[in-house]
Amino acid sequence: MSERPRLLPILGQNHTGRSAMTCMYRCGNACDHPVPNESDNPYFGDVVQAEVSRRGVVRAGAVGALVLGFAGAGAAAATPALAAPGGSGAAPDLDAATARHGGAPKALTFSTIPPNRLDNFVVPNGYDHSVVLRWGDPVEPDAPEFRLDRQSAYAQSKQFGYNNDFVAVLPLDKRGDRALLVVNHEYTNENLMFPGFTSLDALSVEQLRVAIAAHGLSVVELERVGESGQWKPVSRGARRYNRRITALATRFDLTGPAAGSAFLKTAADPRGKTVIGTLNNCAGGVTPWGTILSGEENFNQYFVGGDGVPEADKPRLARYGISTSARYPADSRKWDRADERFDLTRHPNEANRFGWIVELDPFDPDAKPRKHTAMGRFKHEGANVIVARSGHVAAYMGDDERFDYLYKFVTDKKFKKGGSWQDREHNLTLLESGTLYVAKLDYTSASEIDGSGKLPSDGAFNGTGRWIPLVRGDKSFVTGMTAAEVLTFTRLAGDAVGATKMDRPEDVEPNPVNGKIYVALTNNTNRGTGTNPKADEANPRTANRHGHILELTEDRGDHTSEAFTWSVPIVCGDPADPATYFAGYDKTKVSPISCPDNVAFDGAGNLWISTDGNALGTNDGLFATPVEGPERGHLKQFLTVPFGAETCGPFITTDNKSVFVAVQHPGEISGASIEAPASTWPDGDYAKPGVVVTWRLDGKPVGS
Ligand code: FEO
Ligand code: CA
Ligand code: CA
């Protein structure tokens with residue numbers, strides 16, 4: 001907490017609390033474009049044999065205990081841990097893994113952090129924090145040292161990327177003293193990366209390639225500091241797993257029914273089965289078999305030349321927010337100068353190769369990441385899974401766009417929870433085949449919803465809902481669309497079946513303790529304006545600036561069910577605003593919250609919510625609330641991030657000793673630059689995105 005406070009005015013704010021600069025770089029000014037969903041889809045208010053890889057890492061599970069132990073796996077099942085290199089040969093200890101879920105706080109007793117606009121990372125008394133990694137830090141063992149004035153794509157391809165978003169921490173040993181940190185790098189902000197920046201047009205091709213390389217993911221081996229909840233990267237020589245995945249060079253296999261289809265073939269990949277790179281990776285999840293899922297979100301902004309594609313392709317591009325009238329939309333990054341595949345006039349199918357869920361095995365540095373077509377293609381915020389009672393795996397996903405949809409994927413095959421090599425190989429195929437559903441919500445009090453946020457007379461925004469199957473394997477359930485079409489142009493399939501238009505569904509995550517699904521609906525200032533869909537019971541406010549949380553309960557607690565009930569436990573904003581709701585809790589005792597984005601759970605099932613673009617004018621933060629019992633709705637702000645930043649991540653380790661968050665786009669205020677930073681976090685010079693760990697000084701579980 002040594003940073004000096006900078007109380008800068010918020011300049012150039014957009015519709016919500018986001019800076020105009022964030023809007024341009026992060027999502028290509030999505031809010032300034034027409035809503036891409038023009039469908040008249042009615043609004044119903046209607047580890048075994050040890051195999052040593054290139055770095056001496058033991059692959060798959062044989063030797064060594066595995067443990068799991070960290071929450072965020074999102075699954076009630078224990079994660080079969082992978083062998084630690086040099087492990088003892090002990091069998092996987094699933095009991096130990098499960099036991100680590102103990103000791104979580106039922107009541108959240110930390111002192112609430114008040115709203116502020118400090119250029120600091122602020123944590124409660126009794127806690128400390130440290131920066132684990134920042135943009136440019138070395139990741140791969142041979143990474144060059146970062147030099148601001150001499151950046152190269154080669155160096156960036158080995159260094160920590162820009163704008164960290166999703167964070168996961170997976171244990172590497174039974175004591176929980178070593179772990180793998182996996183991070184998404186969602187997007188770049190060239191204004192804040194390159195000294196002397198004047199315009200995107202003035203960037204050199206090498207600088208564009210730096211930006212492309214700064215996208216993707218990082219895998220970084222961490223070690224615990226003493227017995228505390230603090231973590232730091234291991235020394236360079238000890239980095240066996242460290243790896244950068246980039247948009248520049250990493251190859252991905254396409255799996256599932258749409259792989260190899262005509263929609264995915266390009267001149268460079270005539271088989272339609274291998275893609276170079278991943279784009280705009282936002283949120284994600286951890287699977288019970290120890291892999292990472294990562295969502296490709298606002299991929300549209302990287303493509304140009306949509307005006308020159310065949311006429312028949314235009315409606316499909318437009319539905320994903322790609323301009324089909326201008327070669328270079330006003331917010332174009334013009335990456336076609338660095339790589340012609342970003343020019344759709346020349347390569348009209350290239351955009352179809354992004355917008356998928358990516359699965360990465362961080363325990364195998366040689367593993368090729370995969371894009372799973374069976375899980376559909378949209379602006380995937382992320383995906384989080386839970387193992388159903390039947391053993392099938394259900395993945396929950398949101399399409400983060402105004403008036404877009406909520407999805408579920410249920411695997412054909414069942415999860416095998418043994419720790420053998422064969423079990424893991426099996427589990428690695430689970431997401432390659434299954435059924436994709438979209439959500440349709442029905443309401444109990446439709447006629448009483450007036451857009452003001454006033455609760456209906458039955459005292460709750462709630463109702464029932466159905467998961468409408470879109471496609472199972474090669475079988476399409478959507479008239480006029482093949483399975484490959486449904487999977488590649490999933491938004492159009494959702495339109496066709498009358499899915500419910502939501503207020504930007506971002507993170508969607510099952511609570512491993514109560515089994516319910518929590519959806520962050522960030523905001524939608526277009527709700528109920530002009531000819532846009534009106535407020536409904538699930539999206540109950542007109543011009544929704546502050547967002548809300550949806551809680552979804554599967555029928556009979558069965559995650560493979562096609563029926564569910566839902567309610568809205570939290571309607572965000574200033575609690576003094578009558579249009580807010582905190583599950584009926586005394587509003588004088590809750591923290592103001594705006595624009596919920598990512599969610600996480602601690603070992604007690606408490607809901608942690610991070611925010612993006614606080615429209616109340618103060619910094620973004622991380623909040624927590626119990627979801628059961630008398631404390632349900634007692635939402636408290638746990639930390640705030642520096643000026644101009646968004647709180648991403650969040651991840652609570654299952655020993656409940658550490659809270660990781662990603663500080664994304666600090667100082668991203670219109671007009672800011674390296675020379676005139678709006679934030680000097682974390683080092684006192686210019687703003688750098690970074691991952692932070694927070695822990696309790698007395699070693700007790702966080703939150704209590
Ligand atoms: Fe990348 Fe939907 O936030
Ligand atoms: Ca997000
Ligand atoms: Ca999450």
Side-chain angles (χ1 to χ4, degrees), residues 16-18 22-31 70-75 162-169 182-189 215 278-287 292-302 321 354-355 357 378-386 395-402 404-406 502-512 517-524 547 549 595-602 605-613 620 622-624 645-653 659-662 664-665 668 689:
T16 62
R18 246 186 203 178
T22 301
C23 291
M24 178 190 156
Y25 282 106
R26 144 82 83 50
C27 52
N29 289 327
C31 299
F70 288 129
Y162 205 78
N163 270 346
N164 32 219
D165 198 307
F166 172 67
V167 172
V169 183
V182 186
V183 175
N184 280 349
H185 301 292
E186 185 180 15
Y187 73 103
T188 51
N189 183 326
H215 285 67
T278 186
L279 289 172
N280 213 261
N281 300 72
C282 190
V286 181
T287 68
I292 294 299
L293 305 180
S294 174
E296 296 186 313
E297 195 188 4
N298 292 296
F299 61 88
N300 54 303
Q301 62 182 305
Y302 302 101
F354 298 87
I357 288 295
F378 39 93
K379 291 188 179 178
H380 272 288
E381 175 78 9
N384 284 277
V385 305
I386 190 163
Y396 294 87
M397 306 178 284
D399 183 349
D400 179 10
E401 187 98 59
R402 295 163 293 165
D404 257 294
Y405 311 134
L406 188 59
M502 306 296 291
D503 286 353
R504 293 187 56 198
E506 297 220 42
D507 209 357
V508 185
E509 193 157 334
N511 182 333
I517 319 305
Y518 292 81
V519 184
L521 294 148
T522 293
N523 59 44
N524 183 354
I549 301 289
C595 302
D597 183 348
N598 294 140
V599 303
F601 302 94
D602 60 29
N606 295 311
L607 172 65
W608 295 66
I609 306 166
S610 63
T611 63
D612 168 16
D620 277 316
L622 179 64
F623 303 75
E646 156 184 357
T647 316
C648 297
F651 193 92
I652 296 99
T653 56
V659 175
F660 284 80
V661 297
Q664 196 190 61
H665 61 75
E668 190 168 68

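What you see is a predicted model; the values in this text were computed from it and never measured. Below, each value reflects all heavy atoms present in this structure, side chains not excepted, and no hydrogens, waters or symmetry copies. Here, residue 1 is the first one in the sequence, and each next residue gets the next number. Each ligand, and each atom within it, is numbered from 1 in the order the structure gives.
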Polar side chain donor-acceptor pair, R504 to N523, under 3.5 angstrom |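 Checked: R504/N523 side chains pair up, N/O donor to acceptor below 3.5 Å.
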Does a donor on one side chain and an acceptor on the other come within less than 3.5 Å for N189 and E668?
->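 Result is yes, a qualifying pair exists.
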Check whether any N, O or S atom of E506 sits under 2.8 Å from atom 2 (Fe) of ligand 1.
->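 Given the 2.8 Å cut-off, E506 counts as a ligand of atom 2 (Fe) of ligand 1.
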Answer yes or no as to whether an N/O/S atom of D612 is found below 2.8 Å from atom 2 (Fe) of ligand 1.
->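 So D612 does not count as coordinating atom 2 (Fe) of ligand 1.
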Does a side-chain N-to-carboxylate-O contact under 4.0 Å join K379 and D400?
->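 So K379 does not pair with D400 through a salt bridge.
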Report yes or no: does F651 have an N/O/S atom closer than 3.0 Å to the Ca ion (ligand 3)?
->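 Checking F651: none of its N, O or S atoms is under 3.0 Å.
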For atom 2 (Fe) of ligand 1, which N, O or S atom of D400 is at the shortest distance?
->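 It is OD2 of D400.
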Pairwise side-chain contact, [X] with [Y], heavy-atom cut-off 4.5 Å (strictly under):
{"X": "I652", "Y": "F660", "result": "no"}
{"X": "L622", "Y": "V659", "result": "yes"}
{"X": "E646", "Y": "D597", "result": "yes"}

Atom of D507 nearest the Ca ion (ligand 3) (restricted to N/O/S, atom name only) =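 The D507 atom nearest to the Ca ion (ligand 3), restricting to N, O or S, is OD2.
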E509: which N/O/S atom is nearest the Ca ion (ligand 3)?
->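 Of all N, O or S atoms in E509, the Ca ion (ligand 3) lies closest to OE1.
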Within less than 2.8 Å of atom 1 (Fe) of ligand 1, any N, O or S from [X]?
{"X": "E381", "result": "no"}
{"X": "C648", "result": "no"}
{"X": "E297", "result": "yes"}

Matching residue for H215 among Y302, F354, Y187 - test: ring-ring contact (aromatic ring centres under 6.0 Å, His included) |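 Between H215 and the candidates, ring-ring contact (aromatic ring centres under 6.0 Å, His included) is satisfied uniquely by Y302.
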By atom name, which N, O or S atom of E186 is the nearest to atom 1 (Fe) of ligand 1?
->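 Minimum-distance N/O/S atom of E186 relative to atom 1 (Fe) of ligand 1 is OE2.
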